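See structure below.
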Amino acid sequence: MNRTLPRQRLVGTALLSASALLLEIALTRLFSLLYFPPYVYFIISVSILGVGIGAALPAIRPALAAEVRLALYAVAAAFATFLLLLLATLAPAASLQIPLFALLALTFACFGLAVSSIFSLHPAAGRVLYMADLLGAGVGALLAIPLLNQFGAVNAGLVAVVGFSLAGVYFAAGRQALAALGALGLFALAFAANAAADILPIDLVSLTSEKPIVAALQSGGEILESRWDAFARTDLLDPGAGQPLRIYVDGGAASIMPSQARAAELMRDIGFFPFATEQPERVFILGPGAGLDVFFARQGRARAVTAVEVNRAATAIVDEWRAYNGGVYASPGVTVIVDDGRSALRRSDEEYDLIYLSQVVTLAAERGGYALSENAIYTVDAFAEYLSHLADGGHIALKLYDEVTLTRALSTALAALRLQGLDDQRALSHLMAFVDDKSTPPVPLLLIGERAFDEDDSLVLGAIARDVGFTPLLLPHVLAQPPLDTVADGAQTFDAIVAASAADISAPSDDCPYFFQLERGIPASLLPLAAIVALLTLLLLILYLRNCTQSRARVWRSLPLYFAALGVGFIALEIYAIHQTRLFLGHPTMAVTLVLVTFLVGGGIGSGLSQLPVARALRQRPPLLTALVVLLVIVWSAIWPAASRALVAADLSLRAAAAVMSLLPLTLVLGIPFPQALESAGKLGARHIAVAWSVNGLMTVVGSVAAVILSITLGFSAVFLLGGGAYALATLVSLWAQRREES
């Protein structure tokens, strides 16, 4: 059916997409607090899955794609989201993952149903609608950061609820308009009430996940202050029993806030060892958290300390509690920078006597919970950069989690030293390792020297360690625990130890930066997602065969495969671009937001520009479009490393502009193939538009899960090949369809 497109439909479409993407980002923040990172992958996948299911419904029952139902779908999305937020905040103690994800799928199914219906009702306006869809989503991504910074994850979700309701107002007519306005007023009031009085607080004491903050609260701890922002929820907690205050980030990664009253006790921590023994003058600290590492540097009489903390809320809390911590961040010679630590070091031309990384452990389960998180500070490339910033005779010190993370860090250090031309035996002479057996669990420390340690160094530091109660594990020329002793005497290489290990202790790289992922092969926590992908692929095959038998148009037999390739390719290229720009931009939230906005807004603009007469020749040759995407991806991946190195020391605004401008040509072209193919599907009937949206949405789930699995098992270079290969496949399918039409 081809109808004149009212302007309200464009506004409603943009509002729907903006609200959906804002909600998705807000929920990743909320669920990062409630659960561990694997659930964040589930959120994204279930959201896209819901869109695909909702988009498929009009193909199964065409009557659902009715103009009078659009407002109902938008308001239903608002109510489902509101129930989801109520359930997540008021009943965190229950094991409600299944109801939560069911509501999540329902919300995005309503969204997918609404969008699919709009495109089915107005097939001739597909390019304009797609432009509104992508531009709206881009605005939603852009608004996510200020809304999260100002109001937190729950209230940002409520803003999305209001947005869905407002979209319903634009879609409604007659009595529907009154109902939609009533929903809008109700949810606007709910947002205002919660923003003012926090009527939907999150009871962290009742969480069922093994987050470290839960155990601390259940043991009598008290939250003194909480802050939400686009990075995380940050809590300052008093554990009680006279213990020092701690800062928790998303309920985990606790760090201790120092105080002079407990100075003697704190300096018995193994983290103080390199400051006490080496007496470094110039120190660089990655991730100082609540300030304990800076306190160590001050006690070690460091003259200049540069501390780089990615969490702005943590630095603000430390500064506000200076009466407790003695103004640790405001001390003479201390410079605190809010940025990604490695990115800031990369932009520095200074050399340091000590580069220090500390990871405080409160639960052994915490390390496993973050196994699927990228960690670019523990890669071979990162260690090579640390070594390049060491002054003559300088050291790198890493306070780690447990024996297996110590082993993997040692593996990474050896790989970085081998890049300098050292063999395993000579590289081992640059390493020392100790463990504090008195802590629970035992906490190890790894020292990496710019120079090789000689026997005297080992004897002196080993004696000091034993005097203060630490156990030496590796002392060059003096002590090497099995199986490192066989490497030290040349009996075998370290690679042989890695190959024989049950855990994956190989050195992570920037291409595969999963330091805490110790499982070999596909992680067990991703197997459910892999099963979902297999099921989706089967369902899509059934849907494809069903429509092929019902459609007489030969061209339709190629279109589902074309839409599938676009879905996989778009999400894979987006994930690859986020990874590639992350270190360059410095802040992970900045990289995700900037790339999302560039892909969405650029794609929307490209869809709009494709209507211009000058683009007609390109539109008439669909294979050229997808082939151009492949070419632009190859060009960008080739020039980006050199361009990012050249601009690494530039101001953040210039770096952000460079990232956007470099990606813009690619994203402009990415916005054209999908709406153009929708037009072709629309000529065959409205049902085919619904099928196209469904296939594209469901294959986006397949692409996102495949990208995650590939990045962990093979690296992000494989994700690049997945994205480029999908568009290459789309080119071949388009060429085949074109020849079939001409024959």
Side-chain angles (χ1 to χ4, degrees), residues 270 273-274 277 357 367 378-384 386-388 390 393-437 441-466 470-509 511-512 514-521 713 715:
I270 196 170
F273 186 78
T277 56
L357 301 86
R367 178 200 18 99
Y378 291 119
T379 67
V380 176
D381 311 78
F383 280 34
Y386 304 153
L387 287 167
S388 70
L390 286 181
H395 298 87
I396 303 166
L398 299 98
K399 180 181 173 185
L400 294 151
Y401 278 76
D402 47 26
E403 182 180 351
V404 70
T405 52
L406 171 64
T407 305
R408 193 157 206 190
L410 190 145
S411 174
T412 309
L414 284 173
L417 290 165
R418 283 197 293 264
L419 293 176
Q420 298 183 346
L422 304 180
D423 58 25
D424 282 355
Q425 288 175 282
R426 292 166 61 201
L428 269 182
S429 66
H430 287 254
L431 306 177
M432 282 190 184
F434 308 89
V435 64
D436 180 3
D437 293 311
V443 176
L445 178 78
L446 178 66
L447 286 180
I448 308 169
E450 186 270 337
R451 297 178 186 169
F453 295 105
D454 58 27
E455 185 175 349
D456 288 341
D457 294 328
S458 295
L459 291 172
V460 170
L461 291 178
I464 295 173
R466 292 186 181 93
F470 305 143
T471 302
L473 299 176
L474 174 63
L475 297 172
H477 314 292
V478 173
L479 171 68
Q481 300 281 0
L484 284 181
D485 56 342
T486 60
V487 178
D489 61 24
Q492 69 172 335
T493 64
F494 192 80
D495 287 342
I497 296 175
V498 171
S501 173
D504 184 2
I505 57 171
S506 60
S509 66
D511 190 50
C512 190
Y514 297 93
F515 179 81
F516 296 110
Q517 174 52 41
L518 300 167
E519 294 179 75
R520 294 188 181 274
T713 55

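Since the structure is predicted, the reported quantities are computational estimates derived from the model, not experimental observations. The figures here come from the full heavy-atom set of this structure, side chains too, leaving out hydrogens, waters and symmetry mates. Throughout, numbering of the chain's residues begins at 1 and tracks the sequence.
You'll find the side chain of Leu428 stays beyond 4.5 Å of the side chain of Pro476, heavy atoms only. Residues Ser506 and Arg408 are in side-chain contact: their nearest non-hydrogen atoms beyond the backbone lie under 4.5 Å apart. Under the 4.5 Å side-chain criterion, counting only non-hydrogen atoms from C-beta, Leu474 is in contact with Leu431. Side chains of Leu445 and Leu398 form no contact here, defined as non-hydrogen atoms less than 4.5 Å apart. The shortest side-chain heavy-atom distance between Leu446 and Leu400 falls under the 4.5 Å cut-off. Looking only at side-chain heavy atoms (C-beta outward), Leu417 and Phe383 stay at 4.5 Å or farther from each other. Side-chain contact between Leu410 and Phe494 is present, with heavy atoms from C-beta onward closer than 4.5 Å. Two residues are said to be in side-chain contact when any heavy atoms from C-beta on lie closer than 4.5 Å; Gln517 and Cys512 fail this criterion.
Considering every non-hydrogen atom in both Ala397 and Pro274, the closest pair reads CB-CG, 3.7 Å. The heavy-atom pair separating Ile270 from Phe470 by the smallest distance is CA-CZ, 3.5 Å. For the pair Pro472 and Gly462, the tightest heavy-atom approach, listed with the atom from each and the gap, is CG-O, 4.0 Å. Nearest heavy atom pair, residue Leu406 against residue Pro444, reads CD2-CB, 3.7 Å. Between Gln425 and Gly490, the shortest heavy-atom contact is NE2-N, 3.5 Å. Pairing each heavy atom of Gln481 with each of Leu473, the nearest pair is CG-O, 3.1 Å.
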Quiz item: Checking side-chain contact (heavy atoms from CB on, under 4.5 Å) for the pair Arg418/Asp495: CA distance, chi angles, key distance, verdict?
Solution: CA-CA 12 Å; Arg418 283 197 293 264; Asp495 287 342; 3.8 Å; yes
Practice problem: Evaluate the side-chain contact (heavy atoms from CB on, under 4.5 Å) criterion for residues Glu450 and Leu387: first the C-alpha distance (whole Å), next the side-chain angles of each, then the deciding distance (0.1 Å), finally the verdict. | Solution: CA-CA 7 Å; Glu450 186 270 337; Leu387 287 167; 5.6 Å; no
Quiz item: Going through the distances and angles, do Ile497 and Val487 end up as a side-chain contact (heavy atoms from CB on, under 4.5 Å)?
Solution: CA-CA 9 Å; Ile497 296 175; Val487 178; 3.4 Å; yes
Quiz prompt | Evaluation steps, side-chain contact (heavy atoms from CB on, under 4.5 Å), between Thr412 and Tyr378 | solution = CA-CA 8 Å; Thr412 309; Tyr378 291 119; 5.9 Å; no
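A donor-acceptor contact closer than 3.5 angstrom is absent between the side chains of Ser509 and Asp511. No donor-acceptor contact under 3.5 angstrom links the side chains of Asp424 and Thr493, judged on distance only.
Formation of a donor-acceptor pair under 3.5 Å by the Ser429 side chain with backbone atoms of Arg426 is found in this model. A donor-acceptor distance shorter than 3.5 angstrom exists from the side chain of Thr379 to the backbone of Ala382, with no hydrogens or angles considered. Without hydrogens or angle criteria, Ser411 side chain to Thr407 main chain gives no donor-acceptor distance under 3.5 Å.
Separating the OG1 atom in Thr713 from the CD atom in Glu519 is a distance of 12.5 Å, to the nearest 0.5 Å. Interatomic distance, CG of Leu422 versus CG of Leu414, reported as 9.5 Å (0.5 Å rounding). Note that CG of Leu479 is 9.5 Å distant from CG of Asp485, once rounded to the nearest 0.5 Å. In this structure, OG1 in Thr471 is found 4.0 Å from CG in Asp437, a value given to the nearest 0.5 Å.
When each of His430, His477, His395 is tested with Phe453 by the rule ring pair (Phe, Tyr, Trp, His ring centres under 6.0 Å), just one qualifies, namely His395.
Asp457 and Arg451 are not joined by a salt bridge, as no carboxylate oxygen comes within less than 4.0 angstrom of a charged side-chain nitrogen.
Note on ring orientation: taking the six-membered ring where Trp is involved, the planes of Phe434 and Phe273 are tilted (angle from 30° to 60°).
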